[in-house]
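Report on the structure given below.
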Amino acid sequence: MHGAGNDFIVLNGIDQDLSSITTEQCKQLAHRQFGIGADQILLVEKATRPDADFRYRIFNADGGEVEQCGNGSRCFVRYVQDHGLSNKNPLRVEVAHTILTLLSHEDGQVEVNMGAPIFEPSRIPFNPAGLPSKQDFHETVYALAVSNNPGHHDDWISVVSMGNPHAVQVVVDVESAPVLTEGPLIESHPAFPNRVNAGYMQIMNRHEIKLRVFERGAGETLACGTGACAAVVAGIRRGMLDSPALVHTRGGDLTIGWGGIHNDVCEPVIMTGPAITVFEGETDFPA
């Protein structure tokens, strides 16, 4: 399946026990030459909480399990409905640290309540000690020494978690941005103990952006749902964007809405976008 080009292998763990899936098995399945090929693997399981309808786990192409995947959540709900596992709409789905609410629209789009963004460094997690910083409207931005011009801090980043960590920077032209060269350096920067997704955002107008994301454990993907949420939140916090915002990725468009923070209450981020099935089949699970 894919959501705006961000592609997934979706495995049915309801009718078979896949709880012992290994890192190596995930890597083999996700390999684009020797396996099926995917950015991430999604495992559909029975809920472990009474307030959820299902649980799903997310594995990157490198086999590492991660906390959240926005595009994957839309594919998850489409899979569950198409396979007759549930006719509930909306669905409440358990991921690593929270419950997502997923609503299918008649036009095929899927709306996801992604929960409130997280800004506290310790919860992202992010260690800003020793990094240059400045205030930009409501946002504190930081400079990472990863550019080809050491000592020049032009690439100020916003740091936000959407259940997974993101470092978002604004660029003049997203097509020429150093996503493939600097993205890996940001991903593995020591300020991020669990690594980070590196986002590059070009502001088109106050309701429209272009976005590329270098995802931890997967490299650049055609779209990143949580990355789109993080970018729009960062843009609003920096006074550059208004809600809702249309996000153009290389794989398709996503619509992101965020109401901001009012009376110390952080509103949830709402993401709407496509979820498409490409093919179905069976495979002998890699040993």
Side-chain angles (χ1 to χ4, degrees), residues 2-8 27 30-32 37-40 58-72 117 121 124-128 131-132 139 141-204 209-235 238 247-252 254 256:
H2 78 87
N6 193 188
D7 63 334
F8 309 96
K27 289 172 66 175
H31 198 289
R32 295 193 181 277
D39 292 326
Q40 280 101 13
I58 308 149
F59 300 87
N60 279 338
D62 67 357
E65 187 168 1
V66 293
E67 310 92 340
Q68 178 68 292
C69 178
N71 289 323
I124 290 175
F126 168 57
N127 180 10
L131 295 179
E139 183 82 321
V141 293
Y142 302 88
L144 299 180
V146 297
S147 71
N148 294 325
N149 300 305
H152 293 272
H153 301 297
D154 297 323
D155 301 327
W156 296 93
I157 63 163
S158 296
V159 183
V160 59
S161 172
M162 289 303 311
N164 57 352
H166 290 269
V168 182
Q169 62 182 280
V170 177
V171 296
V172 174
D173 176 27
V174 75
E175 293 304 323
S176 61
V179 178
L180 299 180
T181 54
E182 290 188 8
L185 302 178
I186 295 174
E187 176 197 11
S188 59
H189 194 281
F192 300 97
N194 292 343
R195 296 186 296 168
V196 72
N197 301 287
Y200 295 78
M201 169 173 59
Q202 178 183 346
I203 306 289
M204 308 299 293
I209 67 171
K210 291 183 179 180
L211 180 70
R212 293 172 65 187
V213 180
F214 191 94
E215 294 195 48
R216 59 175 181 169
E220 184 181 7
T221 55
L222 291 178
C224 177
T226 55
C229 294
V232 171
V233 167
R238 295 180 69 173
V247 180
H248 300 290
T249 73
R250 288 185 162 183
L254 303 170
I256 309 297

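None of the values given here were measured: they were computed from a predicted structure. We're numbering straight along the sequence, starting at 1.
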Rounded distance [0.5 Å steps], [atom1] in [X] versus [atom2] in [Y]:
{"X": "Ser176", "Y": "Gln202", "atom1": "OG", "atom2": "CD", "value": "8.0 Å"}
{"X": "Arg250", "Y": "Leu222", "atom1": "CZ", "atom2": "CG", "value": "8.0 Å"}
{"X": "Leu211", "Y": "His248", "atom1": "CG", "atom2": "NE2", "value": "11.0 Å"}
{"X": "Asn60", "Y": "Gln40", "atom1": "CG", "atom2": "CD", "value": "5.0 Å"}

Test item: [X] and [Y] side chains (from C-beta on) under 4.5 Å apart, heavy atoms:
{"X": "Leu131", "Y": "His189", "result": "yes"}
{"X": "Pro121", "Y": "Val159", "result": "no"}
{"X": "Ile58", "Y": "Phe8", "result": "no"}

Is any NZ, NE, NH1 or NH2 atom of the basic residue among Arg212 and Glu182 found under 4.0 Å from an Asp or Glu carboxylate oxygen of the other?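 Glu182 and Arg212: not salt-bridged.
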
Any carboxylate oxygen within less than 4.0 angstrom of a Lys/Arg side-chain nitrogen, looking at Glu187 and Arg195?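 Yes, charged N to carboxylate O under 4.0 Å.
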
Classify the angle between the aromatic ring planes of Phe126 and Phe192 as parallel (below 30°), tilted (30 to 60°) or perpendicular (above 60°).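 Parallel, since the angle between the ring planes stays under 30°.
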
Using the side-chain contact (heavy atoms from CB on, under 4.5 Å) rule, take Asn194 and Arg216 through it: C-alpha gap first, then chi angles, then the decisive distance, then the call. CA-CA 9 Å; Asn194 292 343; Arg216 59 175 181 169; 4.0 Å; yes

So which heavy atom on [X] is nearest to which on [Y], and how close?
{"X": "Ala228", "Y": "Leu254", "result": "CB-CD1, 3.9 Å"}
{"X": "Ala177", "Y": "Tyr200", "result": "CB-CD2, 3.9 Å"}
{"X": "Thr226", "Y": "Met162", "result": "O-CG, 3.8 Å"}
{"X": "Pro165", "Y": "Glu67", "result": "CD-OE1, 4.5 Å"}
{"X": "Phe214", "Y": "Val179", "result": "CD1-O, 3.7 Å"}
{"X": "Thr249", "Y": "Ala223", "result": "OG1-CB, 3.4 Å"}

Between the side chain of [X] and the main-chain N/O of [Y], is any donor-acceptor distance below 3.5 Å?
{"X": "Gln68", "Y": "Asn164", "result": "no"}
{"X": "His166", "Y": "Val168", "result": "no"}
{"X": "Asp62", "Y": "Gly64", "result": "yes"}

How far apart are the C-alpha atoms of Gln169 and Leu144, what are their side-chain angles, what is the distance that settles it, and do they pass the side-chain contact (heavy atoms from CB on, under 4.5 Å) test? CA-CA 11 Å; Gln169 62 182 280; Leu144 299 180; over 6 Å; no

Hey, are Asp39 and Thr221 close enough side-chain-wise for a donor-acceptor pair under 3.5 Å?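 Their side chains do not contain a donor-acceptor pair, so the 3.5 Å distance test is not met.
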
Yes or no on side-chain contact (heavy atoms from CB on, under 4.5 Å) for Met201 and Val174, after CA distance, side-chain angles and deciding distance? CA-CA 6 Å; Met201 169 173 59; Val174 75; over 6 Å; no

